[in-house]
Amino acid sequence: MPESSTGLEEQLKKYFGFDQFRGLQKKVITSLLNKEDVFVIMPTGGGKSLCYQLPALMQEGTAIVVSPLIALMKNQVDAIRGISDHDGVAHVLNSSLSKTDIQQVKDDISNGITKLLYVAPESLTKEEYVDFLKGEKISFLAVDEAHCISEWGHDFRPEYRNLRKIIDRIDEGIPIIGLTATATPKVQEDILKNLQISNATTYQASFNRPNLYYEVRPKTSQVDADITRFIKQHEGKSGIVYCLSRKRVEELAQVLQVNGIDAVPYHAGLDAKTRVLHQDKFLMENCDVVVATIAFGMGIDKPDVRFVIHHDIPKSIESYYQETGRAGRDGGEGHCLAYYSYKDIEKLEKFMAGKPIAEQEIGHALLQEMVGYAETSMSRRQFILHYFGEEFDPATGDGGDMDDNMRNPKPQKEAVEEVKKLIHVIESAGQRYKAKDIVNIIIGKSNAMISSHKLDQQDFFGSGKDKEPTYWMALIRQILVARYIKKDIESYGTLRLLKEGEEFLKNGKSFMMTEDHTYPENASTTVIAAGQGGAVDAALVKMLKELRKKVGAQKNVPPYVVFQDP
Ligand code: ADP
Ligand code: MG
């Protein structure tokens with residue numbers, strides 16, 4: 001259909017001023033205009049919004065757009081109003097509207113003015129709205145950030161599960177378009193099943209971001225110093241540093257500030273005014289770095305973010321991919337650096353305790369993949385893409401050499417005998433001990449439990465005492481990743497043998513154990529340790545800030561790095 005094809009480009013130009021479609025946009029839009037159900041999987045920044053905005057503007061009736069965040073909806077509504085003569089072209093329906101506002105929205109819809117109606121899923125469940133929408137002409141329903149439907153996604157919202165019921169009440173025949181940047185098969189399956197659009201035409205774009213460089217460094221007590229150094233080496237460039245806790249955000253932002261870096265904190269504990277102020281500072285280039293919890297970033301579209309640092313490892317590869325995806329949106333350089341310590345994984349596991357078993361199992365499985373990513377010696381890009389179900393060959397693929405493992409391969413050592421020893425101990429001890437106990441048994445370190453179970457009288461007790469406990473811990477993690485063993489959640493993490501492990505014990509020929517990279521220390525950094533444990537000493541911070549102001553203009557001043565005592 002060459003005619004309608006050129007037509008679409010004209011419409012694109014007319015409404016958005018863009019000359020051409022990106023990637024799969026045109027195909028998606030054509031399907032939607034043909035009244036098909038559509039499922040779009042496209043990385044962040046790929047241009048998903050336009051896939052429903054343009055067909056909504058082109059058609060009669062109102063498209064309902066479900067989105068999880070008010071801020072995201074407001075941004076989009078403002079943008080759409082900006083390209084139209086009539087403010088009524090797009091509306092947000094939310095709980096903060098007055099009676100008059102709501103009447104205005106209803107009038108605009110009834111009069112055919114409103115093309116896009118943004119709603120949060122919980123507002124859509126309101127009787128009043130459902131009753132009203134039932135009587136109106138609805139062009140289609142768009143479910144943005146559709147992964148919110150799935151517990152396997154990184155942002156589960158239970159209200160998303162009610163959408164199908166509501167659609168059926170409004171008009172069960174309207175086309176549905178689901179959009180997400182999460183590509184894991186489990187999440188996709190959940191979305192199709194929950195929205196009941198198993199027949200949807202699916203469009204999946206590649207998740208490869210060839211301009212992003214991936215790196216993982218071991219997390220030591222020097223992590224703040226290391227981050228400071230990294231940012232200093234990228235002076236004047238824009239970046240995001242993610243931390244797990246609000247407290248850490250505040251502390252690290254302070255450390256960076258003391259070191260002359262223009263950094264602001266961002267987390268949900270700050271009041272709304274400060275949050276907006278800090279976000280705007282970052283967007284308007286009035287500061288270089290934002291130190292943030294994951295509360296920061298959804299819908300942030302700053303093209304020239306040059307680095308994304310994870311002070312703490314996130315809870316899943318999807319989250320990691322989403323968060324690092326905010327780097328290099330303009331196609332330019334984007335360095336993704338994560339600090340990893342297994343202790344942080346254990347911390348995340350602790351957060352999950354007490355949740356329902358099914359939820360914990362999902363959480364553990366996702367974390368296990370994260371451990372795999374952090375500890376892998378293979379191409380990190382290949383690891384990520386493989387996780388999303390995409391084939392990638394680092395030898396030929398775009399960006400194949402853009403990670404630490406490919407540029408600086410990790411040393412590997414044959415460990416077939418050690419793996420067999422480990423599996424033997426796990427099996428012989430009865431598959432009822434956790435990793436820490438297994439390590440104690442293998443290095444021959446007794447305790448009350450071990451002696452009461454008479455494990456110290458077994459021939460395998462101390463069979464690996466020639467190696468450090470950290471060695472055995474690392475090997476356990478690597479055979480967990482290799483799926484020779486698993487952690488049983490219902491029995492609080494006891495190690496169980498899997499079929500592949502039994503097979504390996506019998507016939508395994510080789511297991512290449514990966515060791516960590518080594519990192520050169522930067523000798524020119526002066527480190528000042530402040531306070532005992534706890535937060536950075538406020539008086540010292542103030543003093544250092546003033547000192548830095550005084551000497552900042554001079555060259556050859558070593559960067560002072562303030563950090564907490566370990
Ligand atoms: P996503 O929702 O997939 O993360 P967005 O819809 O927010 O991505 O789009 C990201 C950016 O790309 C936006 O600034 C948008 O204006 C821009 N964009 C989308 N489609 C096009 C296009 N065809 N040409 C130029 N820019 C586009
Ligand atoms: Mg989007």
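Computed from heavy atoms alone, side chains included, the values below leave out hydrogens, waters and symmetry copies. Both counts, for ligands and for their atoms, begin at 1 and track the order of listing.
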How far is [atom] from the closest protein heavy atom, and which atom is that?
atom	value
atom 4 (O) of ligand 1	Gly45 N, 2.6 Å
atom 19 (C) of ligand 1	Gln25 NE2, 3.6 Å
atom 22 (C) of ligand 1	Phe18 CD1, 3.4 Å
atom 3 (O) of ligand 1	Lys48 NZ, 2.8 Å
atom 11 (C) of ligand 1	Asp301 OD2, 3.8 Å
atom 12 (O) of ligand 1	Arg22 NH1, 3.0 Å
atom 7 (O) of ligand 1	Ser49 OG, 3.7 Å

**OP:** Measure from atom 25 (C) of ligand 1 to the protein's non-hydrogen atoms and state whether any distance is below 4.0 Å.
**Re:** yes

**OP:** For Gln20, take its heavy atoms, then give the atoms of ligand 1 lying under 4.0 Å from any of them.
**Re:**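 Under 4.0 Å from Gln20, ligand 1 has these atoms: 22 (C), 23 (N), 24 (N).
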
Original post:
Under 4.0 Å from any heavy atom of Pro43, which atoms of ligand 1 are there?
Top reply: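 What qualifies from ligand 1 is 3 (O).
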
**OP:** Nearest 0.5 Å please: distance from the OH atom of Tyr213 over to the CE atom of Met402.
**Re:** 8.0 Å

**OP:** With rounding to the nearest 0.5 Å, note down the distance linking CZ in Phe132 to NZ in Lys126.
**Re:**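 Between atom CZ of Phe132 and atom NZ of Lys126 there are 14.5 Å.
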
**OP:** Assess Arg329 for proximity to ligand 1: is some non-hydrogen atom of it under 4.0 Å away?
**Re:** no

**OP:** Decide whether the shortest distance between a heavy atom of Met42 and an atom of ligand 1 is less than 4.0 Å.
**Re:**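 For ligand 1, residue contact (heavy atoms, under 4.0 Å) with Met42 is absent.
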
**OP:** Please answer whether the main-chain N or O of Asn208 pairs with a side-chain N or O of Arg381 as donor and acceptor at a distance below 3.5 Å.
**Re:**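 No.
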
**OP:** State whether the side chain of Ser84 and the backbone N or O of Ile80 hold a donor-acceptor pair below 3.5 Å, judged by distance alone.
**Re:**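 No, because the side chain of Ser84 does not come within donor-acceptor range (under 3.5 Å) of the backbone of Ile80.
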
Original post:
In terms of side-chain geometry, is the basic nitrogen of Arg306 or Asp304 positioned less than 4.0 Å from the acidic oxygen of its partner?
Top reply: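 No.
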
**OP:** Using distance alone, determine whether Gly47 and ligand 1 share an N or O pair under 3.5 Å.
**Re:** yes

Original post:
Is it true that Phe282 and Tyr266 have ring centroids separated by less than 6.0 Å?
Top reply: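 Not close enough - the centres of the two rings lie 6.0 Å or further apart.
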
Subject >> Stepwise side-chain hydrogen bond (donor to acceptor under 3.5 Å, both in side chains) check, His91 with Gln104 >> reply: CA-CA 10 Å; His91 278 298; Gln104 181 71 53; 5.6 Å; no

Original post:
Is the number of heavy atoms from other residues, nucleotides or ligands under 6.0 Å of Asp85 CG greater than 12?
Top reply: no

Subject >> Residue pair Glu359 / Met352, side-chain heavy-atom distance below 4.5 Å >> reply: no

